[in-house]
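Here the structure comes first, spelled out in structure tokens, and everything after it is commentary.
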Amino acid sequence: QVQLVESGGGLVQAGGSLRLSCAAAGRSFSNYAMGWFRQAPGKEREFVASISWSGGSTYYEDYVKGRFTISRNNAENTVYLQMNTLKPEDTAVYYCAACRYSTCPESGVTYWGQGTQVTVSS
């Protein structure tokens, strides 16, 4: 069992930055690939980024490439999402996920966090 707790969300102006953190409790954090998903009001949850268990491979959805960076610290059981040049369309609840595969398809998510709200004002 892995418990995931996100933090770092909030309200930011367009063009600003936020860093989300996801702290994992439980065994075998380093055995999992980790991912970030988001869900905007009235929309389905969508993939944002993922990182392999070692941190050696990362994957991004096209609309965040060059703006968001995913990283992890296995010694601290934490995964991060650095979000720069934020846009109003990035407004969503962001979820951390423990994944069976590095590319982290939603069907391969084993554990979900509770989510953290990110609001980007124009």
Side-chain angles (χ1 to χ4, degrees):
Q1 187 81 7
V2 175
Q3 294 82 40
L4 304 174
V5 179
E6 301 96 334
S7 61
L11 174 63
V12 64
Q13 288 188 331
S17 298
L18 283 174
R19 188 175 81 154
L20 305 183
S21 299
C22 173
R27 60 176 185 171
S28 304
F29 169 79
S30 60
N31 288 346
Y32 290 94
M34 298 296 296
W36 288 96
F37 292 75
R38 69 186 185 186
Q39 187 168 21
K43 295 187 177 181
E44 294 187 352
R45 186 161 50 194
E46 61 184 10
F47 172 81
V48 175
S50 64
I51 187 167
S52 62
W53 67 269
S54 68
S57 298
T58 56
Y59 304 87
Y60 297 93
E61 191 53 73
D62 285 346
Y63 40 74
V64 303
K65 282 181 180 177
R67 299 191 297 125
F68 291 11
T69 303
I70 189 171
S71 60
R72 67 189 295 163
N73 184 329
N74 286 344
E76 296 184 354
N77 284 4
T78 305
V79 62
Y80 303 98
L81 185 68
Q82 177 67 43
M83 306 186 295
N84 298 328
T85 320
L86 282 161
K87 304 175 181 180
E89 51 264 44
D90 294 319
T91 295
V93 177
Y94 283 71
Y95 296 91
C96 175
C99 318
R100 287 196 286 270
Y101 313 110
S102 295
T103 54
C104 201
E106 193 163 345
S107 60
V109 172
T110 306
Y111 302 104
W112 291 99
Q114 85 289 349
T116 185
Q117 176 70 47
V118 171
T119 303
V120 184
S121 63
S122 57

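Keep in mind that what you see is a predicted model, and the values were worked out from it rather than measured.
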Begin with the C-alpha distance, continue with both residues' side-chain angles, and end with the deciding distance and a verdict on side-chain contact (heavy atoms from CB on, under 4.5 Å) for Arg38 and Arg45.
CA-CA 5 Å; Arg38 69 186 185 186; Arg45 186 161 50 194; over 6 Å; no

Check whether Asn74 reaches the backbone of Asn31 with its side chain - one donor and one acceptor, N or O, closer than 3.5 Å.
no

Does the side chain of Gln39 come within less than 4.5 Å of Tyr95's, by heavy atoms?
yes

Connected hydrophobic set around Val118, excluding itself, where side chains approach under 4.5 Å:
Val2, Leu4, Val12, Leu18, Leu20, Phe29, Tyr32, Met34, Trp36, Val48, Ile51, Tyr60, Tyr63, Val64, Phe68, Ile70, Val79, Leu81, Met83, Leu86, Tyr94, Tyr111, Val120

Working to the nearest 0.5 angstrom, can you tell me the gap between Glu46 CD and Glu44 CD?
9.5 Å

Working note: Gln82 + Ser17, criterion side-chain contact (heavy atoms from CB on, under 4.5 Å); need CA distance, chi angles, decisive distance, verdict.
CA-CA 8 Å; Gln82 177 67 43; Ser17 298; 4.0 Å; yes

Across all chains, not counting sequence neighbours, the salt bridge (charged side-chain N to carboxylate O under 4.0 Å, His left out) partners of Arg19 are none

Which residues pass the ring-ring contact (aromatic ring centres under 6.0 Å, His included) test with Trp112, sequence neighbours left out?
Phe37

First locate atom CZ of Arg67, then atom CG of Asn84, and finally report the distance between them rounded to the nearest 0.5 Å.
9.0 Å

Under a 4.0 Å threshold between the charged nitrogen and the carboxylate oxygen, would Asp62 count as salt-bridged to Lys65?
yes

For Val109 and Cys104, the nearest pair of non-hydrogen atoms, with its separation, is CG2-SG, 4.1 Å

I need the Arg72 CZ to Ser54 OG distance, nearest 0.5 Å.
8.0 Å

Does some side-chain heavy atom of Tyr59 sit less than 4.5 Å from a side-chain heavy atom of Ser102?
yes

Tell me, please, which residues at least two apart from Thr119 pass side-chain contact (heavy atoms from CB on, under 4.5 Å).
Leu11, Thr91, Gln117

Pair listing, salt bridge (charged side-chain N to carboxylate O under 4.0 Å, His left out) test, anchored in residues 110-122, at least two apart
none

Between Asn73 and Thr78, is there a side-chain donor-acceptor contact under 3.5 Å, judged purely by atom types and distance?
no

With Gln114 via side-chain hydrogen bond (donor to acceptor under 3.5 Å, both in side chains) - residues at least two apart
Glu6

Within the side chain of Ser21, is there an N or O that forms a donor-acceptor pair under 3.5 Å with the backbone of Tyr80?
no

Heavy-atom closest contact (Pro88 atom, Ser122 atom, distance):
CG-CB, 3.8 Å

